[in-house]
K.L.:
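Let me begin by handing over the structure; questions about it come next.
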Amino acid sequence: MKHDHHHDHEHSHDRDHSHDHHGHGFGHHHHHLPDPSGNGRAFALAIAVNTLFVAIEFTYGFIAHSTALMADAGHNLSDVLGLLLAWGAALLTKSKPHGRYTYGLRGSSILAALANAVLLLVACGAIAWEAVQRFAEPAPVAGATVSVIAAIGVAINGFSAWLFMKGAKDDLNVRGAYLHMAADAALSLGVVVSGLVIMATGWSWIDPAVSLVIVVVIVAGTWSLLRESVQLSMAAVPPSVDAAKVKGFLAKWPGVSEVHDLHIWAMSTTETALTAHVVMPGGYPGDRVLDDIVAHLREDFGIHHCTLQVEEGTTHHHCALREHAH
């Protein structure tokens with residue numbers, strides 16, 4: 001009776017999300033996506049607070065002659081842009097299929113994750129460039145002002161990162177937002193420490209040295225986001241799915257003699273699709289059996305959109321992609 005329960009569960013999703021394509025399970029995992037009660041509120045709050053702080057930090061950086069504060073403000077600004085990108089993509093991920101976009105605009109979330117990573121690396125490049133120039137021409141820095149403003153930055157970025165901590169496991173874009181905020185908290189903390197040390201010693205070179213160390217930390221963190229978003233945009237199997245295990249599961253299903261043309265890819269940063277040719281010499285086993293396979297793929301492997309082609313194996317089928325490779 002497990003199967004009937006699955007159907008009831010799916011129909012309730014269909015009602016909730018007003019879907020009409022039965023058996024595809026687009027409703028599944030939607031609770032990970034930004035919505036007014038979940039990550040959406042986190043996005044809105046983080047964008048508002050950070051935009052206000054960027055303006056304050058820029059102004060005080062100017063007053064205190066601190067390029068470190070200005071660089072930190074610039075980095076905070078890249079965060080706000082990244083958040084807007086990620087939030088926009090998350091909203092588009094809920095879009096219904098229409099016209100030529102038969103998957104809706106779900107793929108935009110992968111593009112946003114990629115843009116997010118690139119944006120953060122560009123910000124790191126700008127900070128590093130600034131730091132190197134500061135070694136050549138050290139400027140007198142108002143250490144007290146720098147420390148106080150940067151400390152406010154630590155609090156704001158720490159709070160923003162905390163808002164996104166829960167969603168970071170499920171969605172690449174939320175992870176991007178979380179990394180941005182955590183990196184900014186680290187950056188601001190470095191600026192606090194350098195401000196205090198400059199007050200005590202008068203060594204201006206500490207300021208750019210600290211910012212270079214933090215840049216290295218941020219680049220290390222962003223690299224995996226960049227790599228993963230590039231992989232997803234190339235239709236790679238998402239890291240959360242073991243393709244060999246999926247193939248093994250399908251091949252072991254009663255009545256299946258062979259599985260070929262198996263493709264698994266990310267439709268968005270939260271949803272995975274699969275297509276496969278399943279050879280069943282006994283003929284088409286009926287909708288109930290296929291629904292059972294789809295239910296298992298969703299529940300055991302987190303694959304939400306499955307298309308299975310059943311073949312009897314009476315003709316010689318081979319992968320169309322492999323044919324082109326020769």
K.L.:
Quick one: are F53 and N76 in side-chain contact, heavy atoms under 4.5 Å?
P.N.:
yes
K.L.:
Without swapping roles, check the side chain of T272 against the backbone of I303 for a donor-acceptor pair under 3.5 Å.
P.N.:
no
K.L.:
For the backbone of R106 and the side chain of S109, can you confirm whether one donor and one acceptor N or O come within less than 3.5 Å of each other?
P.N.:
yes
K.L.:
To the closest 0.5 Å, what do you measure between CZ (F301) and NE2 (H296)?
P.N.:
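Here the rounded value is 10.0 Å.
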K.L.:
Taking all heavy atoms of A266 and all of L232, pick out the closest pair and write down the distance.
P.N.:
CB-CD2, 3.7 Å
K.L.:
Hey, quick one: are F164 and L84 part of the same hydrophobic cluster, counting side-chain heavy atoms closer than 4.5 Å, chains of contacts allowed?
P.N.:
yes
K.L.:
Has S147 got a side-chain atom pairing as donor or acceptor with L196's backbone, closer than 3.5 angstrom?
P.N.:
yes
K.L.:
Under 4.5 Å between any side-chain heavy atoms of V278 and Q309, yes or no?
P.N.:
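Not touching, per the 4.5 Å side-chain cut-off.
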K.L.:
At their closest point, which heavy atom of Y178 faces which heavy atom of A161, and how far apart are they?
P.N.:
CD1-O, 3.3 Å
K.L.:
Is V246 linked to V256 within one hydrophobic cluster, defined over Ile, Leu, Val, Met, Phe, Trp and Tyr using a side-chain heavy-atom separation of less than 4.5 Å?
P.N.:
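They do share one cluster, since a chain of ILVMFWY contacts under 4.5 Å joins V246 to V256.
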K.L.:
Main chain of K96, side chain of H98: is a donor-acceptor contact present, judged purely on distance under 3.5 Å?
P.N.:
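Here the side-chain-to-backbone pair exists.
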K.L.:
Would you mind reporting whether L119 and V122 have side-chain heavy atoms less than 4.5 Å apart?
P.N.:
no
K.L.:
Test of understanding: clusters of I, L, V, M, F, W, Y form through side-chain heavy atoms closer than 4.5 Å, transitively. Do V219 and L114 belong to the same one?
P.N.:
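Same cluster: V219 reaches L114 through Ile, Leu, Val, Met, Phe, Trp or Tyr contacts under 4.5 Å.
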K.L.:
Could you tell me whether F135 atom CZ has more than 12 heavy atoms of other residues or ligands within 6.0 Å of it?
P.N.:
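It does: F135 CZ has more than 12 such atoms within range.
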K.L.:
Parallel, tilted or perpendicular: which fits the ring planes of W253 and F249, with parallel below 30° and perpendicular above 60°?
P.N.:
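The arrangement is perpendicular - the two ring planes meet at more than 60°.
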K.L.:
Indicate yes or no: at least one non-hydrogen side-chain atom of M181 is less than 4.5 angstrom from one of I156.
P.N.:
no
K.L.:
Honestly curious: do I149 and L189 fall in one hydrophobic cluster under the side-chain, below-4.5 Å linking rule?
P.N.:
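Per the 4.5 Å side-chain linkage, I149 and L189 are not co-clustered.
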K.L.:
Any idea how F43 and W87 line up, ring-wise: parallel (<30°), tilted (30 to 60°), or perpendicular (>60°)?
P.N.:
parallel
K.L.:
Between E311 and H277, does the side-chain hydrogen bond (donor to acceptor under 3.5 Å, both in side chains) criterion hold? Intermediate values first, please.
P.N.:
CA-CA 7 Å; E311 296 160 0; H277 293 212; 2.6 Å; yes
K.L.:
Please report the shortest heavy-atom distance between F159 and L45, naming the atom on each side.
P.N.:
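Scanning both residues, the minimum pair turns out to be CZ-CD2, 3.7 Å.
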K.L.:
Rounded to the nearest 0.5 Å, how far does CG of D261 lie from CG of L308?
P.N.:
12.5 Å
K.L.:
Testing the basics here: between P238 and I264, what is the closest heavy-atom pair and its distance to 0.1 Å?
P.N.:
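It is CD-CG2, 4.2 Å.
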K.L.:
Is there side-chain contact between K245 and K247, with heavy atoms separated by less than 4.5 Å?
P.N.:
no
K.L.:
Which value, rounded to the nearest 0.5 Å, describes the distance between N116 atom CG and L179 atom CG?
P.N.:
9.0 Å
K.L.:
For C124 and T222, what are the C-alpha separation, side-chain angles and deciding distance, and is it a side chain to side chain contact (heavy atoms under 4.5 Å, CB included)?
P.N.:
CA-CA 10 Å; C124 285; T222 308; 5.5 Å; no
K.L.:
Looking at every non-hydrogen atom in both residues, tell me the closest pair between A185 and N157 and how far apart they are.
P.N.:
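A185 and N157 have their closest heavy atoms at N-CB, 3.5 Å.
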K.L.:
What distance do T275 atom OG1 and H305 atom NE2 have between them, rounded to the nearest 0.5 Å?
P.N.:
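Spacing of OG1 (T275) from NE2 (H305) equals 9.0 Å.
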K.L.:
Are the side chain of E57 and the backbone N or O of A73 linked by a donor-acceptor pair below 3.5 Å?
P.N.:
yes
K.L.:
May I ask you to decide if L226's main-chain N or O and S229's side chain share a donor-acceptor pair within less than 3.5 Å?
P.N.:
yes
K.L.:
Side chain to side chain contact (heavy atoms under 4.5 Å, CB included) between V54 and I56: does it pass, once the steps are laid out?
P.N.:
CA-CA 6 Å; V54 164; I56 294 167; over 6 Å; no
K.L.:
Would you kindly confirm whether V216 and L187 end up in one hydrophobic cluster when ILVMFWY residues are joined by side chain heavy atoms under 4.5 Å apart?
P.N.:
no
K.L.:
Restricting to non-hydrogen atoms, name the atom on I110 and the atom on S233 that form the minimum distance, rounded to 0.1 Å.
P.N.:
CG2-N, 3.6 Å
K.L.:
When rounded to the nearest 0.5 angstrom, what distance separates CD1 in I293 from CG in L274?
P.N.:
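Here the rounded value is 10.5 Å.
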K.L.:
How long is the straight-line distance from CG of L69 back to OH of Y60, given to the nearest 0.5 Å?
P.N.:
11.0 Å
K.L.:
Going by heavy atoms in the side chains, are T145 and I63 under 4.5 Å from each other?
P.N.:
no
K.L.:
So S257 and M280, do their side chains get closer than 4.5 Å, heavy atoms only?
P.N.:
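Of all side-chain heavy-atom pairs linking S257 with M280, none is under 4.5 Å.
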K.L.:
Within a strict 4.5 Å, meaning less than it, do heavy atoms of the R175 and S224 side chains meet?
P.N.:
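Result yes, sub-4.5 Å side-chain heavy-atom pair found.
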